[in-house]
Amino acid sequence: MVGVFSFKPSRMAPNEVLELTPEAIKLARWKPEENRYVFYNPEAEQDPEVAWLIPGKGYWALFEHPVSIVPQGGLIPEEGVALPLKPGWNQIANPFPKPIEWTLSNLYVGKDEEVKSLEE
């Protein structure tokens with residue numbers, strides 16, 4: 001299951017956003033610069049990729065029971081979010097509470113001061 005958080009949480013720690021005990025959370029994220037997954041582990045120092053739930057980033061989540069997430073925070077601005085991409089595969093997610101059309105003209109990339117759509 002891919003976890004997507006389509007709101008800007010007022011609290012960003014996984015156990016606070018999911019309102020679960022840290023032990024009940026099974027969360028992973030691909031770390032392209034190291035070519036491996038990192039896992040949320042409440043008994044160890046957290047990798048920054050799983051220490052905070054960031055809108056626009058995609059997460060793998062596994063729950064033993066149904067979980068309802070009650071958004072506590074704000075909506076994502078209409079212009080979306082900016083994510084720094086690393087070489088290799090990047091795990092991204094829709095930051096909005098509604099479907100978006102994944103067309104090349106709706107996705108933007110930037111380098112230095114220049115921003116273009118993927119279509120360009």
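Basis for what follows: all heavy atoms, side chains included, without hydrogens, waters or symmetry-related copies.
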Quiz item: Going by heavy atoms in the side chains, are Leu20 and Ile25 under 4.5 Å from each other?
Solution: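 Yes, side chains in contact.
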Quiz prompt | Minimum side-chain heavy-atom gap Lys26-Glu64 below 4.5 Å | solution =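 Yes, close enough: below the 4.5 Å cut-off.
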Quiz item: Between Ala61 and Leu27, which heavy-atom pair has the shortest distance, and what is it?
Solution: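 Closest heavy-atom pair between Ala61 and Leu27: CB-CD1, 4.0 Å.
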Quiz item: Which residues pass the side chain to side chain contact (heavy atoms under 4.5 Å, CB included) test with Leu118, sequence neighbours left out?
Solution: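 Here the qualifying residues are Leu104, Leu107, Val109.
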Practice problem: Flag yes if Phe63 and Val50 sit in one hydrophobic cluster, no otherwise; membership is Ile, Leu, Val, Met, Phe, Trp, Tyr, and two members link when side-chain heavy atoms are under 4.5 Å apart. | Solution: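 Per the 4.5 Å side-chain linkage, Phe63 and Val50 are co-clustered.
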With a cut-off of 3.5 Å and sequence neighbours excluded, list every side-chain donor-acceptor pair involving residues 35-45.
residue: Arg36; atom: NE; partner: Glu34; partner atom: OE1; Å: 2.7
residue: Arg36; atom: NH2; partner: Glu34; partner atom: OE1; Å: 2.8
residue: Asn41; atom: OD1; partner: Glu43; partner atom: N; Å: 2.9

Quiz prompt | Whether Glu120 side chain and Ser117 backbone form a donor-acceptor pair below 3.5 Å | solution =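 Indeed, once roles are kept as given, a pair shorter than 3.5 Å links the two residues.
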Self-check item: Pairwise distance CH2(Trp30) to NZ(Lys57) - rounded to 0.5 angstrom
Solution: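 Going from CH2 on Trp30 over to NZ on Lys57, the span is 15.0 Å.
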Practice problem: Could you walk me through whether Lys31 and Glu49 pass salt bridge (Lys or Arg N to Asp or Glu O under 4.0 Å), step by step? | Solution: CA-CA 7 Å; Lys31 195 164 186 179; Glu49 288 296 320; 5.9 Å; no
